[in-house]
Engineer: 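Have a look at the structure that comes next, please.
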Amino acid sequence: MSLGNALRAERIKFTTLPSQWAAPLTSVVLTVGVTAAVNAAYAAKDHVPGEDPAGGIFYGLLFGHVAVACLGILLMGQEFNTRMIGTSLTAVPRRGELYAAKLALGAGLGLLVGLASTAGSFLAFDATAGLDLSTPGLARSFLAGVLYHPLMVLICLGLTAMLGNFSAALGLLTPMVFLGTTWLAAIPGVREIGQFLPDRAGLYAMRTQTEPGIHYGHWTGLLIMALWTAAAVYGGLRAMRRYQASGE
């Protein structure tokens, strides 16, 4: 089976499994909806001149990116959960092609979700709190917001392949994305290390202002997340190849 056929097969799986296409839809609704609701309720008091607008623009992402993580887990882990991974590996004997098809689908879906969520969040913030388009760093913030989504999908997809278990991936990765790194960042001393975790670095890349105690710039934050993504993707590939060697 060619890579094109493998990608077509992955697209069919995605569109016919409600649990998979519901994840990106949930992410967009949560991200934009929470941003709109929070800013509509508190914009008059909380958003004052000089405050970083990215905090309000991407407030909903703190909830929506959990669904993004679930998308990456589902794209890889659903077949481990249903024990259909052996069938998929038989249909696509070249493990790299099967993995590449999943990566391509995940990256494409993540990019679409990122565009919809980020654009929707910017519009929601502008409609409720008002947005000054001349704010320095706003264009970079928008770009980082879009790219954060496919990077997060690929990280979770790669880590799920490494774990080889849907329940373990869901039980470990989603709590870490939702609360784990936030708790780490709040612990004195540990914060120095926590700021280099992928989601923290990616979120900082969206800020328009610098934050005391962060030891890198905004673009570097996006680069740090990209390096974590590359490591997770490579680890997933190695795991897929080991799975071949150990047998179905």
Engineer: Does any part of the side chain of Leu98, heavy atoms only, come nearer than 4.5 Å to the side chain of Met240, both counted from C-beta?
Structural biologist: yes
Engineer: Could you pull out all residues at least two apart from Leu143 that satisfy side-chain contact (heavy atoms from CB on, under 4.5 Å)?
Structural biologist: Leu147, Trp219
Engineer: Which residues end up grouped with Val29 if you chain together Ile, Leu, Val, Met, Phe, Trp and Tyr wherever their side-chain heavy atoms are less than 4.5 Å apart?
Structural biologist: Leu25
Engineer: List in chain and number order the residues that pass side-chain contact (heavy atoms from CB on, under 4.5 Å) with Ala205, two or more places apart in sequence or in another chain; answer none if no residue qualifies.
Structural biologist: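 Counting only residues at least two positions away or on another chain, Ala205 forms a side-chain contact (heavy atoms from CB on, under 4.5 Å) with Ala144, Leu222.
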Engineer: Show every side-chain hydrogen bond (donor to acceptor under 3.5 Å, both in side chains) that has at least one partner inside residues 130-139, sequence neighbours left out.
Structural biologist: Asp132-Ser134
Engineer: On the 0 to 90° scale, with breaks at 30° and 60°, tag the Phe122-Phe142 ring pair as parallel, tilted or perpendicular.
Structural biologist: perpendicular
Engineer: Are there over 12 heavy-atom neighbours, none belonging to Phe166, within less than 6.0 Å of that residue's CZ?
Structural biologist: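 Enclosed: over 12 neighbouring heavy atoms sit under 6.0 Å from CZ of Phe166.
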Engineer: For Asn39 and Gly56, indicate whether the former's side chain and the latter's backbone hold a donor-acceptor pair under 3.5 Å.
Structural biologist: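 At least one qualifying donor-acceptor pair exists.
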Engineer: Please find the pair of heavy atoms, one from Tyr99 and one from Ala232, that lie closest to each other, and give the distance.
Structural biologist: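 Closest pair (atom of Tyr99, atom of Ala232, distance): OH-O, 3.9 Å.
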Engineer: What pair of heavy atoms forms the shortest contact from Ala100 to Leu3, and how long is it?
Structural biologist: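 Shortest heavy-atom contact: CB-CD1, 3.9 Å.
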Engineer: For residues Gly106 and Val153, report the shortest heavy-atom separation together with the two atoms involved.
Structural biologist: O-CG1, 3.6 Å
Engineer: With side-chain hydrogen bond (donor to acceptor under 3.5 Å, both in side chains) as the rule and sequence neighbours excluded, what pairs involving residues 221-234 come up?
Structural biologist: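 Pairs touching residues 221-234 that pass the test: Tyr234-Arg238.
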Engineer: Do you know the tightest heavy-atom contact between Ala101 and Leu7?
Structural biologist: O-CD1, 3.5 Å
Engineer: Using ring-ring contact (aromatic ring centres under 6.0 Å, His included) as the criterion, list what pairs up with Tyr204, not counting sequence neighbours.
Structural biologist: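 Result, ring-ring contact (aromatic ring centres under 6.0 Å, His included) vs Tyr204: Tyr216, His218.
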Engineer: Determine which pairs satisfy salt bridge (Lys or Arg N to Asp or Glu O under 4.0 Å) with at least one residue from residues 211-220, sequence neighbours left out, and list them in order.
Structural biologist: Arg191-Glu211
Engineer: Would you list the pairs meeting salt bridge (Lys or Arg N to Asp or Glu O under 4.0 Å) in which at least one residue belongs to residues 17-29, sequence neighbours left out?
Structural biologist: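 Output for this query is empty, none listed.
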Engineer: Strictly distance-based, threshold 3.5 Å: is any side-chain N or O of Asp52 a donor or acceptor partner for the main-chain N or O of Thr208?
Structural biologist: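 Yes: the side chain of Asp52 pairs with the backbone of Thr208.
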Engineer: If a pair satisfies side-chain hydrogen bond (donor to acceptor under 3.5 Å, both in side chains) and one of its residues is in residues 104-118, list it, with sequence neighbours excluded.
Structural biologist: none
Engineer: Just to verify, which of Leu163, Leu172, Leu170, Leu159 counts as forming a side-chain contact (heavy atoms from CB on, under 4.5 Å) with Ile73?
Structural biologist: Leu170
Engineer: For Met225 and Met152, which heavy atoms make the closest approach, and how far apart are they?
Structural biologist: CE-N, 3.8 Å
Engineer: For Leu227, what residues pass the side-chain contact (heavy atoms from CB on, under 4.5 Å) criterion, not counting sequence neighbours?
Structural biologist: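 Leu227 satisfies side-chain contact (heavy atoms from CB on, under 4.5 Å) with Leu223 only.
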Engineer: Please identify which of these residues, Cys156, Ser27, Pro24, Pro150, meets the side-chain contact (heavy atoms from CB on, under 4.5 Å) condition with Val68.
Structural biologist: Ser27
Engineer: If a pair satisfies salt bridge (Lys or Arg N to Asp or Glu O under 4.0 Å) and one of its residues is in residues 101-127, list it, with sequence neighbours excluded.
Structural biologist: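 Salt bridge (Lys or Arg N to Asp or Glu O under 4.0 Å) check on residues 101-127 returns Glu10-Lys102, Glu79-Lys102.
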Engineer: Can you list every pair that meets salt bridge (Lys or Arg N to Asp or Glu O under 4.0 Å) and has a residue in residues 16-39, with sequence neighbours left out?
Structural biologist: none
